[in-house]
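Please read the structure below before turning to the comments.
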Amino acid sequence: MKSMVEFAHTLLTGVLTPGDIAVDCTMGNGNDTLFLARIVGAGGHVFAFDIQGAAIEKTGEHLARSGLAAGGVTLIQAGHQSLNQHIPAQMLIRCKAAIFNLGYLPGADKRVCTTPETTIPAIEALLAGISPGGLIVIVVYPGHPEGARESDELLRFCADIRPEVADVVTYQVINNRNRPPYLIAIEKNSRA
Ligand code: SAM
């Protein structure tokens, strides 16, 4: 069975092609940023966000080691909720996919973690701004207290997205009682 992150990557592979624009909303150590950068290539662009300076540093090093630094990747030290201030609207409308890998960075300060107060406005901004048919994938970690609250609020928010705006699906393990990670995928309607 694929892990939630592997499944998220599989979905992204299905929509992204070289030359596309993509957003990593939670850069962390840069694994998802690199994954996106490899697909869109030098002719495309990846905007990656994190509030922690250490994430920018680690991802920058990671990109340099991979020979991808010269390509089109912009590392932004800011909350994803401010994405409209950092991505020009004419580029956001060309964005085909975005990923959130929620929670905290393993090995770092667990108090620095995503919250529904910023995750939901960022999803709203993406839904309004990205390309029709674009995909937003969200890996959710309800197994810690703040993650459980975020998961509950996200599910409430997603259930209220009108079908004319987007289709929303979840991918989850249903026979594990310890609230394992799961995935939400939001596909913007091609006419929205
Ligand atoms: N995608 C990462 C990777 O490949 O290593 C892992 C991401 S980690 C689970 C979650 C990250 O979200 C942390 O690095 C944290 O600093 C970041 N974060 C928390 N709140 C944020 C916000 N409002 N905007 C952007 N990033 C945020």
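Just follow the structure's listing: the first ligand is 1, and inside any ligand the first atom is 1. Position 1 is the first residue of the sequence; numbering continues from there. All values derive from a computational prediction rather than experimental measurement.
With a heavy-atom cut-off of 4.0 Å, Thr118 touches ligand 1 through its side chain alone. Neither the backbone nor the side chain of Tyr141 has a heavy atom within less than 4.0 Å of ligand 1. Using a 4.0 Å cut-off between heavy atoms, Gln81 contacts ligand 1 through its side chain alone, with no backbone atom that close.
Taking each of Thr59, Leu102, Thr26 in turn, the one with a heavy atom nearest to atom 9 (C) of ligand 1 proves to be Leu102. Comparing heavy-atom distances from atom 20 (N) of ligand 1 across Asp109, Ile51, Leu83, Thr119 singles out Ile51 as nearest.
Those atoms of ligand 1 with a heavy atom of Asp32 less than 4.0 angstrom away are 1 (N), 2 (C), 4 (O). Close contacts of ligand 1 with Cys25, meaning ligand atoms under 4.0 Å from a residue heavy atom, involve 25 (C), 26 (N). The distance from ligand 1 to the heavy atoms of Gly103 drops below 4.0 Å at these ligand atoms: 10 (C). Taking a cut-off of under 4.0 Å to the non-hydrogen atoms of Gly79, the atoms of ligand 1 that pass are 22 (C), 23 (N), 24 (N). The distance from ligand 1 to the heavy atoms of Asn101 drops below 4.0 Å at these ligand atoms: 1 (N), 7 (C), 8 (S), 9 (C), 10 (C).
No continuous path of hydrophobic side-chain contacts links Val137 to Val169 [ILVMFWY only; heavy atoms under 4.5 Å]. Val40 and Val73 end up in the same hydrophobic cluster when Ile, Leu, Val, Met, Phe, Trp and Tyr side chains are linked at under 4.5 Å. Side-chain heavy atoms closer than 4.5 Å link hydrophobic residues (I, L, V, M, F, W, Y) into clusters, and following such links, possibly through other members, connects Ile161 to Tyr182.
Protein heavy atom at the shortest distance from atom 2 (C) of ligand 1 is Met27 O, 3.2 Å. For atom 5 (O) of ligand 1, the closest heavy atom belonging to the protein is Asn29 N, 2.9 Å. The nearest protein atom to atom 13 (C) of ligand 1, hydrogens excluded, is given as Asp50 OD2, 3.5 Å; this is a heavy-atom distance. Closest to atom 19 (C) of ligand 1, if we only count protein heavy atoms, is Thr114 CG2, 3.5 Å. Protein heavy atom nearest atom 24 (N) of ligand 1, with residue, atom name and distance: His80 N, 2.9 Å.
A distance-only check finds no donor-acceptor pair linking the side chain of Asn29 to the backbone of Asn31 [under 3.5 Å].
Looking at Gln52 next to ligand 1, an N or O pair under 3.5 Å apart turns up. Checking only distances, Asp24 never comes within under 3.5 Å of ligand 1, N or O to N or O.
Residues Arg179 and Ala148 approach most closely at NH1-CB, 3.6 Å, considering heavy atoms. When all heavy atoms of Leu36 and Leu12 are compared, the pair lying nearest together is CD2-CD1, 4.0 Å.
Note: Tyr104 and His144 have perpendicular aromatic rings, judged against thresholds of 30 and 60 degrees for the angle between ring planes. By the 30° and 60° cut-offs, the orientation of the rings of Phe35 relative to His9 is parallel.
Side-chain contact between Leu154 and Leu102: present, with at least one pair of heavy atoms (C-beta onward) separated by less than 4.5 Å.
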| request: Could you check His86 against Phe47 for ring-ring contact (aromatic ring centres under 6.0 Å, His included), going step by step and ending with a plain yes or no? | output: CA-CA 9 Å; His86 299 277; Phe47 293 92; 9.3 Å; no
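None of Leu126, Val23, Leu11 except one satisfies the side-chain contact (heavy atoms from CB on, under 4.5 Å) rule with Ile136; the exception is Leu126.
Taking 4.0 Å as the cut-off, Ala55 does not count as a neighbour of ligand 1 on heavy-atom distance.
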